[in-house]
Amino acid sequence: MTENAWTRWPSREALGREGTSQPRRMLAWAVRVLVIAILLWGAFDARHAHAWGAAAAAGGVIVAAVVSWAFFRTTYAHRLLPSLALISVLLGIAVAAQATGFRGPALVLWCGCGISALERLPLGAALPVASVALASYSAFNNDVWLTTAATVVGMALAGYVLRLDAEARGSAQRLLAQERAARAAEAESAALAERARIAREIHDVLAHSLSAQLVHLEAARLLIERDADREQILERVVAARGMARDGLAETRQALSALRGELTPLEDFLNELVSAADGAEVTVTGECRALTAEASQAVRRVAQEAVTNVRKHAHGARVQVRLDYGDHEVTLDIRDSGGRPGELAGSGAGYGLLGMRERAELLGGSLEAGPDEEGFMVTLKVPA
């Protein structure tokens, strides 16, 4: 059942001391010390200093202090019946003090009960308790009725203002806790996204490197089965070893890129096609630095596309065009067509799928398919 304004407790953040400033805490302790001093002064005034009543009054002060502490704890735990029982004990102590001639401590206890009830109890229980406490104060106070009425109204307003202030502080504490939780969740999400990005980069590097090695190793196997010359077999093995070495270098480069240590994209493309005969790189538009994700996407797509040309169109001329547009970067790779390599049928076709997924994750697109002469791959990523 949903609590309404009359049955709703002040929040635990409001009833606790967390988030309370140092000056506010010092003021609260000063008020407590003042109240205890008034109670003790009333207990040991001149009329009772020589009587057993003074000792009994001192004991009453101690009991009132313990009961007040217990009342603060039970209200913090939102336990209504124990809280009402404890504040009833305090009211009873005030009545006993008034009956035995300790008028000052009795008035202080009634005022404290009224204010504390309005501050810490649900309004449905606070109003009756505060009414009893302040009515008792009014009945036994010797001031003129106008002063007494003003004092009662002031104490009621003070208790309610303290309640509102505590609720505001509690709301601020809850908002702060929610903000911290949101920041922690955001940091965790960012860490997971970064881990996924690192995993994708390493996967793409290794997939490209291992695929190239597989091409040469499979070719070496076929040459061995055909009893080819030793030099031809050695050439393939050496090429596979070179691909393994290049794969390690690319892995280090990918890790460096993830740290923001990127080489210029134009230099990377020139190095990529330097080993291919009849390959050229054209760069148009105003060159500028790209984000690590966009730069890595262009690099990986270029690697995959050039590898596919070597694999499926041996001897083809390759044209690589990089265009820096206003809002996106376009990488276009086309080949002139050529004879299929020995391992043109190897592979499962996941290279293009991976490139397309990479582009879509960045909000871009990838088109791949037959061209007029050969095959074309066009990547567009926001930049």
Side-chain angles (χ1 to χ4, degrees), residues 197-217 239-258 261-283 290-314 316-323 329-335 338 341 343-344 346-362 364-369 374-381 383:
R197 186 165 73 94
I198 293 174
R200 176 174 290 274
E201 292 298 333
I202 300 302
H203 168 269
D204 289 350
V205 169
L206 292 179
H208 170 76
S209 174
L210 294 175
S211 176
Q213 292 177 55
L214 180 61
V215 169
H216 292 287
L217 292 176
R241 184 188 64 178
M243 288 295 178
R245 183 173 58 249
D246 294 342
L248 291 176
E250 290 175 7
T251 302
R252 296 189 185 98
Q253 184 181 16
L255 293 176
S256 298
L258 291 172
E261 303 169 1
L262 288 169
T263 58
L265 186 55
E266 300 78 17
D267 296 344
F268 174 82
L269 295 177
N270 286 319
E271 293 177 2
L272 181 64
V273 302
S274 61
D277 296 333
E280 60 180 11
V281 177
T282 304
V283 180
L290 304 179
T291 63
E293 293 82 359
S295 179
Q296 284 296 90
V298 173
R299 294 164 192 257
R300 294 294 164 255
V301 170
Q303 282 182 326
E304 184 69 25
V306 171
T307 299
N308 286 340
V309 170
R310 294 170 179 170
K311 186 175 179 181
H312 299 281
H314 185 71
R317 289 179 291 103
V318 181
Q319 293 181 341
V320 179
R321 183 173 178 270
L322 180 65
D323 176 59
V329 172
T330 302
L331 174 69
D332 186 79
I333 302 177
R334 300 172 184 267
D335 65 76
L343 300 176
S346 63
Y350 293 122
L352 291 177
L353 178 61
M355 290 190 291
R356 184 171 288 108
E357 290 177 350
R358 176 184 285 272
E360 292 175 351
L361 285 175
L362 296 176
S365 63
L366 184 136
E367 296 180 1
F375 199 84
M376 69 90 180
V377 174
T378 302
L379 169 71
K380 296 181 179 181
V381 292

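- Taking both residues in full, the closest heavy atoms of Leu362 and Ala294 are given as CD1-CA, 3.9 Å, listed atom of the first, atom of the second, then distance.
- Contact of the Val283 side chain with the Val281 side chain is registered, since non-hydrogen atoms from C-beta on lie closer than 4.5 Å.
- For the pair Val318 and Val320, the minimum side-chain heavy-atom distance is below 4.5 Å.
- Note that CD1 of Ile333 and CE of Met376 are 11.5 Å apart. Values are rounded to the nearest 0.5 Å.
- In this structure, Val329 and Lys380 have side chains that are not in contact, with every pair of non-hydrogen atoms separated by 4.5 Å or more.
- With Leu265 as reference, Val298 is the one residue of Leu331, Val298, Asn270 to meet the side-chain contact (heavy atoms from CB on, under 4.5 Å) rule.
- Note: Leu217 CG to Arg241 CZ = 12.5 Å, rounded to the nearest 0.5 Å.
- When side chains are defined from C-beta on, Val377 does not count as touching Leu379, because their heavy atoms never get closer than 4.5 Å.
- Between Thr378 and Leu366 the shortest side-chain heavy-atom distance does not fall below 4.5 Å.
- The environment of CD in Glu360 is crowded: more than 12 heavy-atom neighbours from other residues, nucleotides or ligands sit within 6.0 Å.
- For the atom pair CD (Glu367) and CZ (Arg356), the distance works out to 8.5 Å, reported to the nearest 0.5 Å.
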